[in-house]
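Because the structure is a prediction, the values reported are computed rather than measured.
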Amino acid sequence: MDLLDTLTAKGLRGEVPTREEALAVLATTDDELLDVVAAAGKVRRRWFGRRVKLNYLVNLKSGLCPEDCNYCSQRLGSKAEILKYTWLKPDQAAEAARAGVAGGAKRVCLVASGRGPTDRDIDRVTDTMAAIQEADPEVEICVCLGLLSDNQAERLKAAGADAYNHNLNTSEKTYGDITTTHTYADRVDTVKKAHGAGLSACSGLIAGMGESDEDLVDVVFALRELGSDSVPVNFLIPFEGTPLAKEWNLTPQRCLRILAMVRFVNPDTEVRIAGGREVHLRSMQPLGLHLANSIFLGDYLTSEGQAGQTDLDMIKDAGFEVEGAGEATLPRHRADVAAASSAASACGTAASACGSGGGCGPCGGHAHAPASEDTPASAVEDTDASDGELRSDLVKVRLRGAGTELAPNA
């Protein structure tokens, strides 16, 4: 079809489609789905070959976040039966990170959302990064701590952080519908602040919260304009006990169209399939690898993913390969831009990019005491509109890995 020929040609040249073309991708039919995947797959292979970057999450603290993000199991007032524990010690976090690195993860993502860290919290994370890098000097570290005060991004950069995650999540127009304790503008300012300090900007979205096609296109173009080097695409996990518990709006086909649209708008940018991959793509996950060049390995912050070995088998069986520690993720021209930004920050240009922002999504966390080992592995129940039967097999709360006595799923 003419649309896909046009999008493929633009993507191979590294050009961005129009908003109308991006909307048209989301409007394609299921009969056209494989053509859409094939077209976006050509663009993915042009810039990233068949490499798949593996990332591993370490939730540094879990539960009772003071922010009210409706999608988050750790939000203020959440009744989700998730793990709750305070800050992991550096050696505990390093041990958790080693499990992911041993499974092939190239990047470790250290997460603790909320309004933002204190200077003491920055010290904690700095010590944690040192412990991780002592064991694995080559591992990339992405940090996700919410609102950063002056000089905190610079401290993280100086301590060895490679990237900072702060998702926009949804469009500016609808942001107030999912969160009231901070604003969309706060998040934009936070991404700029981290980027200005020389950290690689990792910022993405959450699909499936009831947004329109226009909202999805708005946020993806905003991410492109912000210069996000990595775009995590989360698919809402409707945790029981949160305001969005009944929002089951996604099909595997819809998820693939969203990923294809994100790829066309970001042809030469790392696109990551993040939370909700197993829940919503299900048996069609391998097709997602033709669109995204990055995934999380094993479990997520508060929910269980599929076994790490299953992820590795899926990558191999689909004809892809795990990206090695010595391989550059971004194409050379994008890597040069990132390096120039880092060099500019050393000359004092970061001051113009400062701002404020809320926590990272989905589901980081402030916390209290560790949960007991007999905490029930509750599952989300969803009413299927077609037959009214409850679904209890779609989401499992995470009860293993960091913060528990059970081995991580990596």
Side-chain angles (χ1 to χ4, degrees), residues 1-26 28 35-53 55 106-107 140 142 162-163 165 167-168 188 191-192 194-196 198-205 213 216-233 256-274 287-295 319-321 323-324 327-344:
M1 60 193 302
D2 292 341
L3 169 67
L4 296 181
D5 290 341
T6 299
L7 289 171
T8 301
K10 285 186 174 182
L12 294 177
R13 295 193 299 266
E15 298 176 6
V16 180
T18 66
R19 282 182 50 85
E20 291 71 25
E21 289 167 340
L23 284 167
V25 173
L26 297 178
T28 54
D35 293 329
V36 172
V37 172
K42 290 180 181 178
V43 177
R44 180 250 199 268
R45 291 192 301 276
R46 163 68 176 87
W47 300 106
F48 300 97
R50 289 189 168 271
R51 305 188 313 276
V52 178
K53 182 176 183 177
N55 309 268
K106 181 177 180 178
R107 172 176 287 190
E140 295 179 10
C142 180
D162 298 285
N165 168 261
N167 295 331
L168 296 187
V188 170
V191 175
K192 290 181 177 179
H195 211 179
L199 294 166
S200 176
C202 174
S203 189
L205 64 142
D213 285 0
L216 288 171
V217 170
D218 281 349
V219 68
V220 173
F221 271 84
L223 291 166
R224 178 75 187 188
E225 291 164 8
L226 274 176
S228 182
D229 299 316
S230 175
V231 179
V233 180
L256 289 171
R257 280 191 284 269
I258 292 170
L259 288 170
M261 184 270 288
V262 175
R263 172 54 70 201
F264 284 128
V265 177
N266 297 275
D268 54 358
T269 298
E270 178 186 349
V271 175
R272 183 183 313 151
I273 314 177
L287 283 180
L289 298 178
H290 290 271
L291 307 169
N293 62 295
S294 180
I295 65 172
F320 293 88
E321 60 186 22
E323 183 174 291
E327 295 181 280
T329 300
L330 294 176
R332 177 64 182 269
H333 68 282
R334 285 301 304 271
D336 288 346
V337 169
S341 174
S342 179

key: Over 12 foreign heavy atoms within 6.0 Å of NZ, K10   = yes
inquiry  = Let's go through S203 and N165 carefully: what are the C-alpha distance in whole Å and the side-chain angles of both, what is the deciding distance for side chain to side chain donor-acceptor pair (under 3.5 Å) to 0.1 Å, and is it a yes or a no?
reply    = CA-CA 6 Å; S203 189; N165 168 261; over 6 Å; no
message = Using 0.5 Å steps for rounding, measure from the CG atom of D218 to the CG atom of D213.
response = 11.0 Å
task = Would you check, one step at a time, whether the test side-chain contact (heavy atoms from CB on, under 4.5 Å) holds for E15 with F264?
result = CA-CA 9 Å; E15 298 176 6; F264 284 128; over 6 Å; no
task = Decide, yes or no, whether a salt bridge links E21 with R19 under the criterion of side-chain N to carboxylate O below 4.0 Å.
result = no
inquiry  = Determine whether T329 and E323 satisfy the following criterion, side chain to side chain donor-acceptor pair (under 3.5 Å), listing intermediate values before the conclusion.
reply    = CA-CA 8 Å; T329 300; E323 183 174 291; 2.4 Å; yes
message = If the threshold is 4.0 Å, N to carboxylate O, is there a salt bridge linking R257 and D35?
response = no
note = Taken to the nearest 0.5 Å, the spacing of R263 CZ from K42 NZ works out to 15.5 Å
key: Residues E270, K53: salt bridge by 4.0 Å N-O rule   = yes
key: Check: L226 and L168 side chains under 4.5 Å, non-hydrogen atoms   = yes
message = Once rounded to the nearest 0.5 Å, what's the spacing between atom CG of N55 and atom OG of S230?
response = 7.0 Å
request  = Calculate, to the nearest 0.5 Å, the distance between atoms NE2 and OG belonging to H195 and S228 respectively.
outcome  = 8.0 Å
message = Could you walk me through whether S200 and D162 satisfy the side chain to side chain donor-acceptor pair (under 3.5 Å) test, starting with their C-alpha distance in whole Å, then the side-chain angles of each, then the deciding distance to 0.1 Å, before giving a yes or no?
response = CA-CA 6 Å; S200 176; D162 298 285; over 6 Å; no
message = Is any side-chain heavy atom of R224 closer than 4.5 Å to one of V231?
response = no
request  = Tell me yes or no: between the side chains of N293 and R50, is some donor less than 3.5 Å from an acceptor?
outcome  = no
key: Contact check, side chains of H290 and R44, non-hydrogen atoms, under 4.5 Å   = no
query = Do L259 and I273 pass the side-chain contact (heavy atoms from CB on, under 4.5 Å) test, and can you show the C-alpha distance, the side-chain angles, and the key distance before you say yes or no?
reply = CA-CA 8 Å; L259 288 170; I273 314 177; 4.0 Å; yes
request  = Apply side-chain contact (heavy atoms from CB on, under 4.5 Å) to the pair V16 and F221, showing each step before the final yes or no.
outcome  = CA-CA 9 Å; V16 180; F221 271 84; 3.7 Å; yes
inquiry  = Given L216, which partner from the list L26, V233, L23, V262 fulfils the side chain to side chain contact (heavy atoms under 4.5 Å, CB included) test?
reply    = L26
task = Check the pair R334 / W47 against side-chain contact (heavy atoms from CB on, under 4.5 Å), numbers first and verdict last.
result = CA-CA 10 Å; R334 285 301 304 271; W47 300 106; over 6 Å; no
